Amino acid sequence: MNSKRFITAVAAGAAVVMGLSACGGGSSSNGGGSGGSGGTNTPAFNAALNSVFNPSDKKGGTIRVANAGTWDSLDPGETYYGYSWNFIRLYTRSLVMFKPAAGNGSSELVPDLAESLGQPSDGGKTWTYKLRKGIKFEDGSAVTSKDVKYAVLRSTDKVTFPNGPAYFEGYLNLPAGYKGPFKTPDINTDSAIQTPDDQTIVFHLKQAFGGFDYFAQMPQTAPVPQAKDTGAKYKEHVVATGPYKFAKNEIDKGFTLVRNDQWDQSTDPNRKALPDEYDVSMNVNADDIDNRVINGDLDIDVTGTGVQPASLSRVLGDPALKANADNPSAARTWYTSINPTVPPLDNKACREAVEYATDRTAYQTAYGGAFSGGDIGTTLLPPQIPGATNFNLYPAGPDNKGDVDKAKQKLQECGQPNGFETNISYRAERPKEKAAAEALQQALQRAGIKLTLKAFPQGDYFSQFAGNPPYVKANKLGLVLNGWQADWPDGFGFLSQIVDSRVIRETGGSSNTSVRIPEVDKMLDDAIGETDKAKREADWGAIDKRVMEEAVVLPGVHAKALLVRPKKLTNVFVSQAFGQYDYLSLGVA
Amino acid sequence: MPATVITYIIRRLFAAVVLLFVVSAVTFAIFFLMPKLVGATPETLATRYVGRAATADTVRETAQRLGFYDPIYQQYWEWVKGIFAGADYSYGSGVEHCPAPCLGYSFRNHQPVWPDLLDRLPVTLSLAIGAAILWLLGGVAVGTISALRKGTIFDRAAMGVSLAGVSLPIFFTGLLSLSIFSYNLGWTAVGGSYTPFLDNPGEWAYDLLLPWITLALLFSAQYARLTRAGMLETMNEDFIRTARAKGLRERTVVVRHGLRGALTPILTIFGLDVGLLLGGAILTESAFSLQGLGKYAIDGITNYDLPKVMGVTILAAFFVVIANLVVDLLYAVVDPRVRAK
Amino acid sequence: MSQSSEDNLAAAAANRPAASGAPFLRVRELRVHFPTDDGVVKSVDNLSFSVDRGKTLGIVGESGSGKSVTSLSIMGLHKRGTAKITGEILLDGQDLVDLPPDQVRQLRGKRMAMIFQDPLSAMHPFYTVGNQIVEAYRVHNKVTKAVARKHAIDLLDRVGIPNPKSRVDDYPHQFSGGMRQRAMIAMALSCDPELLIADEPTTALDVTVQAQILDLIRDLQAEFNSAVIIITHDLGVVAELADDIMVMYAGRAVEYSTAADIFNSPQHPYTWGLLGSMPRLDRERTERLQPIKGTPPSLINVPEGCPFNPRCSYAGTNGDLSFTVRPEFRDIGGGHHIACHLPAEERQRIWDTEIRPKL
């Protein structure tokens, strides 16, 4: 059994080498497909990463989609999964959207419902959008700016829509006591959103926010007709504005999308709308999904988080399968929080000792290696976030296995020459986090730092344990395994919830457990208000560096996923905004 | 005689109702009390049901909406009241009345639980009953032949295979058989296929064939071993010798006299197994992506969706209780010695 | 074993007991051997006997002496493959040993039937008594269920079950022990068998009931004129029932004669032992009962010489003959057969002076 596994591993390794050389050869003969929009029909590893695979304009057919779990919600006002934001563009249109294009273009924002990107005024406190003309709901009624306003307002009712993002209620200048249109229908909300005419919508913010277009791309700005709104039940009958509408919808089981005859291609420069139908089933066995996608019996694993461990070696080990796979990055970092509230980690040098002693290769291996885990990270920001810079404050030696001498030196400096003991927590349901905790335990042992592993249930991980400051302190959780994915590929989307000390709540529930740097809070405020895109992006990089200087975060892996390219589909390419295939442009061959 | 049987059934049903209350109360207590022991507050519980980066207000409002600020016994009372009197539920733009029996609304997706259960029951029912027939026939046949040919190659092979059948996990055999028979050979339906019986019985059977066989394999292995042991014992009984001494054909001896005696204890286990399966064949439903009660329960558990968990628990407990009752009554039909008592 | 002794034995079987015409059942040189991992178990070794219609043979011996194995061999009830059966079992001239199993099956229950020891375990607990009798009848008679049922009721009536019309629908557990045995007999008699084998028919019953059952068997035999074999460990059971008695020890016959001979002038020390351990109400009690000392031998390693020698008080009185030479089973006159090395006069002396007075 063991020897068999070893052989498989060797074979996989050999295939990796072959795959890489094949890839290099392919791209040179193609004349360089990495430019962006160029297309290719030759199967090769990562062929859809930066170019369109199998470009086509052929219409018709059905795309078969499966989800191993269930949608958090199909309601544009409540959904918060990345894949859902990718997919929801098929049946709703928000003010702004990520450009459906291959390569770097995919993280660009382009207007969708709006004629152009938002027009800031008042130093970034006011944002104005003009809607395109001629956009209709699936019942034929015209979409007006009031429908957009209503959609945004209803999404702030978190009793009815608890799952959705809370940016709008946080930033819009809503009147005090406003609880959404269901509970407080009579409160005038013009202080937050104005609709001077049916095509214009004006957002008023409490504070300047330069990246408001990112808010405007959220599905929460997709129009909802108030007359058809059934609150928590609206997800059963979402009224479509996109090229597809629901024909059948069984919550948590599956749904079918068919063409929406009220959608007009002339109002929509972004969508191709090639297939006639989407068939979606939920709660499908994850391993079965892999097998079916590999066999071509299924087109899309909609969550787009990569194949299961069982299929990983199979795909990597078979050159033919590997040539039909892509390995995109997700805007996600797996990292470890180093809590300065737990002595002796209150001493910066002690935290630095942890940084130096870490075996980064072992950390990467714990998450599944280069293909399904990701690249070794030395920064908090993943590289595809605009403004991210590549730096390494704590070099881990030539082989990336840790610099033990430097770690010991730092321990000397912090008054713990013989090392110290602390605890490391991880989510019990996540074997990869457990493996990473064990890797850290072994690596830090070399410098004399003894770690004790503590597992907690993931459902209560942040609310009760690792994200609960009094608990962390009382139970000496010096290190906390953590991970974060940006709501969208932008510094604000990535950083605001994990480096702002003001989101830490004493009652628990925050993903930030270790970053309490007043200077960083200030830098965040400045960057948020900055309306100049280039300047703002540079700010994010600076914040990343400042956080790393304090050694309160130990970056592990910038996540990647191994995706199997759908066999029977056309126009397949990875959207960098979502770190998975763009679901808007696919067609059936 | 019938009057005593009826009072017996009524007494048993009454006990069953009490049991269902106990089971539901325990489930409720586990769900709320266990986290409380490690310091959970209504807010930390509510954190499970809000999106990431939800504000403190959202968490509080969600805790309020789900009733987490009420004492546990009151929450339980509300739940029980829903079963008998129905419950009202606000979905934001209006209020929906969930008529009795109302097993509550999902904490997560706001769907009422009872219709969901009714929706999923046919899937589990189809799976369990089809598989049960297969495994009973297959297991008993193999076990009988094994017992009659004890020590032969057939016996050894059958017992070896059945040992493997018992030990192999169903998510392995399920996926393997899907991969071979559905994807490579194309003989059976792909994972997740299900057609309601009333829509098309042929399609129904075709879709469920592989799950049936896979699930039946697991159980028939056990039944083959049980039948073999039972038959070995029964075929050594004096009454078998008597049957032979009468000059009965061997087939009559084995089936009418041997199996009849050997199968009676198996009936008990069979009843309980089917009862348990009706509460959801969790692994099979997961492996074959069937939207049955088991998958629903898994959903509820992984999402901390108490009303779903409660719903399936109650239904599963109900089936087990009923199966027990049916087995006991059947036992009296099958074994006249029991009837006398 | 010498050739001559076998000749002797075959001749004995042919001669005994004096009867008109060929006996209904004749067993010759029957051997039933069971190969096991530990060796061959010689359950029955070179056994010959015969029974006429209307006559009763008692086979007596301790458990493990081979008497039940013999009866199961006649009925063909040994599992195929497990037992090696050689010799002849002639039922009305037809050799059952060579007959295909299915033909033996057709004889079972029809021409030969058997009554078993424990009627509770020997009847199926899940079927009514009537049902089981009907089943036995219908295997061999193509009649409707109603006819068979009526027959069953008649039979129950004949074996003395009161109110048979309603008892026919009772289950075995609803019957008392004696009633069950009566029902068992009714079942065995359902097809008027010509040979009836009763294996310890009264062992599981109360003493008072025992006598009733034995009476019943005797009455029925007279009525049906069938050959009967009664197998028992208790000489008392066969004392008044049997015409002939065969005493078995370690798979062999050690004494075989008329019942009168066996009780009046038994010749084998083992028979003496059996008589000594039997309570006799018709004589004055002299001493305590004399159980036979020791235990029956292993049938895999039967002792050299006379198989009874380890338990025999007289072994060794004639040199080491008892320990080295297997005694012939021979006719000592008048069809009285024994297998013993003791000289005739010595046997007579021991019987007259040591054994008879103590009985």
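Below, chains carry the letters A, B, ... as their sequence lines are ordered, and counting in each starts from 1. If you're wondering where the values come from, they're calculated on a predicted model, not measured in any experiment.
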Checklist entry - When you look at CD of B:Glu233, are more than 12 heavy atoms from neighbouring residues, nucleotides or ligands closer to it than 6.0 Å? => result no
Checklist entry - Just wondering, are more than 12 heavy atoms of other shown residues or ligands nearer than 6.0 Å to CZ in B:Phe318? => result no
Item to check | C:His124 and B:Arg260, any side-chain heavy atoms less than 4.5 Å apart | outcome: yes
Checklist entry - In terms of heavy-atom proximity below 4.5 Å to chain B, should C:Ala136 be classed as side chain, backbone, both, or neither? => result both
Item to check | Which atom of B:Asp238 lies closest to which atom of C:Ser121, heavy atoms considered | outcome: OD2-OG, 2.6 Å
Item to check | Nearest-0.5 Å distance that lies between atom CZ in B:Phe239 and atom CG in C:Asp118 | outcome: 12.0 Å
Checklist outcome for this item: Against chain B, residues from residues 183-194 of chain C with at least one heavy atom under 4.5 Å, in numeric order, are C:Met184, C:Met187
Next on the checklist: Looking at C:Met123, is its backbone amide N or carbonyl O close enough to the side chain of B:Thr242 to form a donor-acceptor pair, meaning the two atoms are under 3.5 Å apart?
Outcome noted: no
Checklist entry - Looking at C:Pro125 and B:Pro336, what are the two nearest heavy atoms and their distance? => result O-CG, 3.2 Å
Checklist entry - By a 4.5 Å heavy-atom criterion (distance strictly below it), what part of C:Leu72 contacts chain B: side chain, backbone, both, or neither? => result side chain
Item to check | Proximity of B:His257 and C:Phe126 rings by center, below 6.0 Å | outcome: no
Item to check | From CZ (B:Arg337) to OH (C:Tyr171), nearest 0.5 Å | outcome: 11.5 Å
Next on the checklist: Only heavy atoms, only distances under 4.5 angstrom. Which residues in residues 138-155 of chain C are near chain B?
Outcome noted: C:Val139, C:His140
Item to check | B:Arg249 CZ to C:Gln106 CD distance, which is reported to the nearest 0.5 Å | outcome: 7.0 Å
Next on the checklist: For B:Phe172, is the CZ atom crowded, meaning more than 12 foreign heavy atoms sit under 6.0 Å from it?
Outcome noted: no
Item to check | Cationic N near anionic O, under 4.0 Å, C:Glu135 to B:Arg256 | outcome: yes
Item to check | Within-4.5 Å side-chain heavy-atom neighbours: C:Arg108 and B:Lys246 | outcome: no
